[in-house]
Amino acid sequence: MQDFQRRFIAAQQAYAAGNIAEAERLLDQVEHIGGPNADAFHLRALCRKQQGDLASAASLFATAHQHQPHDVQILGNWGNMLVAAGDPSAALAKYDRALEIDPGFADAHYNRGLALHRMQRHSDALATFDWLLEAGHASAKVHSARGAVLKDMERPQEAIAAFDQALAIDPDRKVALAGRARMALETGAADAKDRHIAALQRSQGDRVLVLGIVQAMMEQGDNSGLDVLEDVLKQDPLWLEGHHEFAKMRAEIGEGDAYVDHIHEAIGRFPKHPGLYEALAAVQASAGEFEAALKTLHDGERQCGAQQGWLFELARLEGECGRFDRAAAMLAPLPDTDLTRCT
């Protein structure tokens, strides 16, 4: 085994252990000894994604793909990064390309189903998970994902059956535990409270499970789980769905300022993650703090570069601040622009 191969394996091990700085240091050595290669670009892209530098990760995934255009793992992880960046429709294109190359690539089918669910294309997502089951991929995660879709389609009994199938395979499957506990509440099951307590005890800080339990507790008028969710977000500050849900819950009980402080802390740790700026600006705008929201988005652009999809929001905020001429000038180059969106 050549020296650069040994160093690359060590970089993989460092990444798996969560030592991102060491992984990047070893990748520098790999590229110095062996020259640029797709595997090194791919692993570095995963490191940057883990650090919240999604712009750099996207560039590295593109470079890795150029070196190995038929590598389905690169395409699949690129899609996962795009989902994390809040662009599931772009992720679908990567999953679809991976499946053109390898129609049986189960991970791409699974992640494609998750992206479809995120886009609220529930029937398409359900069809994807059904295909996986028919193709012999009857894992706990597939049953859990299928149950989550059925829950959102308001098919509670089928959702419960899917979660129970997942738990029969893996009794500690977090998504299934959370989903089953929620379904117990929504269907008025007598053991609903016991299920929530048992699930929380087994959560071990798992973000999906904690969020499901805290949401259920909030619906019952119990706010005590918010501190648990906040602890999870401090450990996983790039979890944007958790941030949004946490903000809504805090706002419901009149504690929106606590969320703002929390998201500022997350930005301090991961200044290259555009989704954090977007999340903070949304909370500020919803509170009528339009100047603050504008400043947040402009700070995000300085750190992360111009973001596709922010232009309309920036123009809208300019309009909310009474600067209609500036808002119109921002949108003028776009075809068929409805300037009333800025008023």
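Closest approach of Tyr277 and Cys304 over heavy atoms only: CE1-SG, 4.0 Å. Across Leu114 and Ala145, no two heavy atoms sit closer than the pair CD2-CB, 4.0 Å. In this structure, Ile74 and Ala38 approach most closely via the heavy-atom pair CD1-CB, 4.4 Å. The minimum heavy-atom distance between Asp3 and Ile33, with the atom names listed, is OD2-CD1, 3.3 Å.
Side-chain atoms of Lys272 never come within 3.5 Å of backbone atoms of Leu54 as a donor-acceptor pair (strictly under, hydrogens ignored).
The aromatic ring centres of Phe41 and His67 sit less than 6.0 Å apart.
Between Lys295 and Glu291 there is no salt bridge, since none of the side-chain N atoms of the basic residue sits less than 4.0 Å from a carboxylate O of the acidic one. Salt-bridge check for Arg48 with Glu24: passed, with a basic side-chain N closer than 4.0 Å to an acidic carboxylate O. With respect to the salt-bridge test (charged N to carboxylate O, under 4.0 angstrom), the residues Arg44 and Asp39 do not qualify.
Distance CZ/Arg112 to CZ/Phe129: 10.5 Å, rounded to 0.5 Å.
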Please assess Asp28 against Arg25 for the test salt bridge (Lys or Arg N to Asp or Glu O under 4.0 Å), listing each intermediate value before the final yes or no.
-> CA-CA 5 Å; Asp28 289 339; Arg25 186 186 70 80; over 6 Å; no
Check the pair Arg121, Asp124 against salt bridge (Lys or Arg N to Asp or Glu O under 4.0 Å), reporting the backbone distance first and the verdict last.
-> CA-CA 6 Å; Arg121 291 171 55 181; Asp124 292 334; 3.0 Å; yes
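For the residue pair Asp152 and His117, a side-chain donor N or O sits within less than 3.5 Å of a side-chain acceptor on the partner. The closest side-chain donor-acceptor pair between Asp87 and Ser89 falls under 3.5 angstrom.
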